[in-house]
Amino acid sequence: MATRSLSSLLTLGLGGGGRRYVLTVGEEFTVLTLLSGARVDNAWIVPAEPEEGTAEIRAVLQKDRKAPVTLLADTFEQIYKEEAVPRVGRLDQGKVVRRHSAQAVPGDMWQGALAQGQDPRGAKLFYLFCGLPRTDHVAGWVTFYESLPNPRRGIHLLPLESLALMNALFDAEAKSQGGVRWRIMTTMNVTGGLRQIVAKQGRMMLTRLTPAPPEDMEPHEAAAMMARDFRQTLTYVKRMGYREGDALDLALIVDPALGEALRTTQWDAQSVLVTTPHEVGRRLGLGSVGKADQPFGDVLHAAWFATRKAHTLALVRPSEQKSDWHKQLEKAAPLAAVAAVGGVLYGSWMTGDGLWTTWDSITRLGERITVATSARDAAQAERDALPYDPDVMRGTLALADELQSGALAVMPLVQALADGLRNRAYIRVFELENAAAAPPPDPLQAGRGGGDAADAGRPTFAWRADLDLVLIDVATAEDALALGEKLLADLRAAAPGVTVTLLRPPVAVLPDQTLVARVAMDRQGTGTPTAGLAAPPAAVTTEVADPGSGGSGGGGGGAGGTAAAGFTMRIALVKETAP
């Protein structure tokens, strides 16, 4: 994998007349590219923070004040929304588009609307509404850009302007293919990382900016990282209508060493083009855009943008549109203004100004909601793409850590179970969980949910084990009940400090059964007991009577009683935490 030194972007070639600059603003670095004629002459890399990088850029541009400068944004936060706009008359179409743009791209963002064509019936027009949020980082560079003495050629979005670059790479292959075509191009930019551009039928659909592989990462590891990033992008594209079987073209523009590893990787694409920025520049007639082993595509994007005769879309701020509207109003106002309605107009203006302030506050809040919703959807998509449930994995890893550290001792629990059972029952189901925040087992609440009020104030526990026991050598329900009570007592004695609770008895009383107790009093004589002496003991026998069969029996195997292997009961063992 080629060494990604920043100095490798400097002194790229020689140029002639027609000098112009492209200022590419990113998240990690900012690149200033100088073109002379149709060739790249030089490039400078500065820190991304405006207070650190503007001094060097200003020093370069002050020596060449006549050369125009264009700002190209390669930042993380960018908005692209395609919407249908009603088709109206020519005089009103601009107003309708501006109104839809204000709704699609809220707040004081730099924004623009790109016509995408009309539907077959001709009733609506499709527009791609684009926005660049006014973050402190972007606002600092725009303020610096607007203060330059050089001629300024506008603010543009790198993904939107490089969409034609991606289409140019696949034009030859796509001419003979029909149907729905998707295209994805990934370049490694020094300004921010891996820039992915996704298009459908040549139209912008999505763009992503993700971290690039570290410089010291092996090529095969970097290729695996990019493959995972590509699969993550497909989860977003599927939400936009991509289906298995749709044609997908993939372009990966990296250095030669990483390219060799990417060629051996499996991709869910119909065609895969792995190349370098140097080769793309030569193929598209852009000349030298870097060394042959150069991985970064910043200069490639800048050269493509600068050599285009017509750019895709220049962004403006709503405040600038508002100023134009006020200028038109000022020209028309003297023709209709009279002294009698001066006060009314002033009051209306004050009301409108208050409404505008309120609307501006609402749109700013809407902007925050849009950004937060986008971040939430991205996080949810990443979570959905994971092969395992994160909550289950966190609980499993926490339990494994406790077992490995010895905080949760299992062998003493196993020995206590062996001492308490003593071959009178065997364990069919053993469930162990970390129950540090779980409520204690309650046989009255088993099988039904409890509310917050019921859970409040309960103690915490270190662990909990639920066991299904199968009683051995028990023939009747009476024997099963007696043995169950004996097992509970022996387990409590064998495991001091552990709470043993019966969750399900070995004999279940069904709705059509009755629990019957017979009491036989064995007195040595007739009459009442002598005063001051206790009554003689009573012999109590308990059985389950089934009216349908006339005898005693157990419940079904699912809720206690006789299963295929005998009478079963369910108990819970809970270890309390230290106070």
Novice: Of all heavy-atom pairs between A381 and T235, which one has the smallest distance, and what is that distance?
Specialist: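 Taking A381 first and T235 second, the nearest heavy atoms are CB-OG1, 4.5 Å.
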Novice: Let me confirm one number: the OH-CG distance from Y145 to L23, rounded to the nearest 0.5 Å.
Specialist: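 So the gap between those two atoms works out to 8.5 Å.
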Novice: Is the count of non-hydrogen atoms from other residues, nucleotides or ligands lying under 6.0 Å from Q266 atom CD greater than 12?
Specialist: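 At most 12 heavy atoms, drawn from other residues, nucleotides or ligands, come within 6.0 Å of this atom.
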Novice: Measuring only between side-chain heavy atoms, which start at C-beta, is V22 closer than 4.5 Å to H301?
Specialist: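 Of all side-chain heavy-atom pairs linking H301 with V22, none is under 4.5 Å.
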Novice: When you measure from the side chain of E52 to the backbone of P47, do you find a donor-acceptor pair of N or O atoms at a distance under 3.5 Å?
Specialist: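 No, because the side chain of E52 does not come within donor-acceptor range (under 3.5 Å) of the backbone of P47.
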Novice: Holding to side chain to side chain contact (heavy atoms under 4.5 Å, CB included), I want the full list of residues that pass it with E28, two or more places apart in sequence or in another chain.
Specialist: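 E28 satisfies side chain to side chain contact (heavy atoms under 4.5 Å, CB included) with no other residue.
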Novice: Can you list everything that forms a side chain to side chain contact (heavy atoms under 4.5 Å, CB included) with T70? Sequence neighbours excluded, please.
Specialist: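 Counting only residues at least two positions away or on another chain, T70 forms a side chain to side chain contact (heavy atoms under 4.5 Å, CB included) with R153, H156, F305.
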Novice: Please indicate whether L386 has more than 12 foreign heavy atoms, meaning atoms of other residues, nucleotides or ligands, lying under 6.0 Å from its CG.
Specialist: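 Check passes, neighbour count above 12.
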Novice: For H220, which residues count as a ring pair (Phe, Tyr, Trp, His ring centres under 6.0 Å) partner, sequence neighbours excluded?
Specialist: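 Per chain and number, H220 pairs via ring pair (Phe, Tyr, Trp, His ring centres under 6.0 Å) with no residue.
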Novice: Under a 4.5 Å cut-off applied to non-hydrogen side-chain atoms, are E218 and P213 in contact?
Specialist: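 Answer no - side chains too far apart.
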Novice: Is the side chain of Y127 donor-acceptor paired with the backbone N or O of K81 at a distance under 3.5 Å, no angle test?
Specialist: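 Between the backbone of K81 and the side chain of Y127 there is no qualifying donor-acceptor contact (under 3.5 Å).
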Novice: For a 4.5 angstrom cut-off between non-hydrogen side-chain atoms, does P277 reach T187?
Specialist: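 No. Closest side-chain heavy atoms not under 4.5 Å.
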Novice: Taking the side chain as C-beta and beyond, is there a heavy-atom pair between L132 and Q78 under 4.5 Å?
Specialist: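 The answer is yes; the side chains approach within 4.5 Å.
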Novice: Quick one: does any side-chain atom of R181 pair with a main-chain N or O of D249 as donor and acceptor, under 3.5 Å?
Specialist: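 Judged by distance alone, no pair lies under 3.5 Å.
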Novice: Is it true that a side-chain atom of W182 and a backbone atom of V180 form a donor plus acceptor pair closer than 3.5 Å?
Specialist: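 No, W182 side chain to V180 backbone: no donor-acceptor pair under 3.5 Å.
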Novice: State the OG1-CD1 distance between T24 and I45, to the nearest 0.5 angstrom.
Specialist: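 Interatomic distance, T24 OG1 to I45 CD1, rounded to 0.5 Å: 10.5 Å.
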Novice: Over all heavy atoms of both residues, which pair between G290 and H278 is shortest? Give the atoms and the distance, please.
Specialist: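 Scanning both residues, the minimum pair turns out to be O-ND1, 3.0 Å.
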Novice: For a 4.5 angstrom cut-off between non-hydrogen side-chain atoms, does R195 reach T207?
Specialist: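 R195 vs T207: side chains touch.
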Novice: When you compare the side chain of L169 with that of R183, does any pair of heavy atoms fall below 4.5 Å?
Specialist: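 Heavy-atom side-chain distance check fails, nothing below 4.5 Å.
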Novice: For R368, what residues pass the side chain to side chain donor-acceptor pair (under 3.5 Å) criterion, not counting sequence neighbours?
Specialist: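 For R368 there are no side chain to side chain donor-acceptor pair (under 3.5 Å) partners, ignoring immediate neighbours.
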Novice: Can any side-chain N or O of E161 pair as donor or acceptor with the backbone N or O of L313 at less than 3.5 Å?
Specialist: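 Answer holds: yes.
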Novice: Report yes or no: does S162 contribute a side-chain atom to a donor-acceptor pair with the main-chain N or O of L165 at less than 3.5 Å?
Specialist: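 No; judged by distance alone, with no hydrogens or angles, the pair does not exist.
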Novice: Are the side chain of D74 and the backbone N or O of G26 linked by a donor-acceptor pair below 3.5 Å?
Specialist: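 No.
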Novice: Does anything in residues 357-366 form a salt bridge (charged side-chain N to carboxylate O under 4.0 Å, His left out)? List the pairs, not counting sequence neighbours.
Specialist: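 Of all non-adjacent pairs touching residues 357-366, those that pass salt bridge (charged side-chain N to carboxylate O under 4.0 Å, His left out) are D360-R364.
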Novice: Applying side chain to side chain contact (heavy atoms under 4.5 Å, CB included) to T30 and W44, what does each step give before you reach the verdict?
Specialist: CA-CA 8 Å; T30 294; W44 295 264; over 6 Å; no
Novice: Find the distance between OG1 (T191) and CZ (F29) and round it off to the nearest 0.5 Å.
Specialist: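 Spacing of OG1 (T191) from CZ (F29) equals 10.0 Å.
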Novice: Taking atom OG1 of T312 and atom CG of L157, what is their separation to the nearest 0.5 Å?
Specialist: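 Spacing of OG1 (T312) from CG (L157) equals 9.5 Å.
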Novice: Does W304 offer a backbone N or O that forms a donor-acceptor pair with the side chain of T307 under 3.5 Å?
Specialist: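 Between the backbone of W304 and the side chain of T307 there is a qualifying donor-acceptor contact (under 3.5 Å).
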Novice: Verify side chain to side chain contact (heavy atoms under 4.5 Å, CB included) between L315 and M109, making sure each step is shown before the conclusion.
Specialist: CA-CA 9 Å; L315 304 182; M109 296 184 183; over 6 Å; no
Novice: Tell me, which pairs form a salt bridge (charged side-chain N to carboxylate O under 4.0 Å, His left out) where one or both residues lie in residues 60-70, sequence neighbours left out?
Specialist: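 Pairs touching residues 60-70 that pass the test: R19-D64.
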Novice: Check E82 with R203, please: is the shortest side-chain N to carboxylate O separation under 4.0 Å?
Specialist: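 A salt bridge links R203 with E82.
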Novice: Can you tell me if D136 has over 12 outside heavy atoms packed within less than 6.0 Å of its CG?
Specialist: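 Not buried by this count: 12 neighbours or fewer within 6.0 Å.
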Novice: Given side chain to side chain contact (heavy atoms under 4.5 Å, CB included), test E77 with S374 step by step and report yes or no.
Specialist: CA-CA 10 Å; E77 295 184 21; S374 177; over 6 Å; no
Novice: Please step through side chain to side chain contact (heavy atoms under 4.5 Å, CB included) for the pair M185 and L163, ending with a clear verdict.
Specialist: CA-CA 9 Å; M185 181 178 70; L163 179 65; over 6 Å; no
Novice: For Y242, I'd like to know if atom OH has over 12 heavy atoms of other residues, nucleotides or ligands within 6.0 Å.
Specialist: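 Enclosed: over 12 neighbouring heavy atoms sit under 6.0 Å from OH of Y242.
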Novice: Between D229 and T210, is the side chain to side chain donor-acceptor pair (under 3.5 Å) condition met? List the steps.
Specialist: CA-CA 8 Å; D229 209 28; T210 57; 2.5 Å; yes
Novice: Less than 4.5 Å apart, any side-chain heavy atom of V198 and any of Y236?
Specialist: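 They are not in side-chain contact.
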Novice: Does the side chain of F144 reach to within under 4.5 Å of the side chain of I57, using non-hydrogen atoms?
Specialist: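 Contact flag for F144/I57 side chains = yes.
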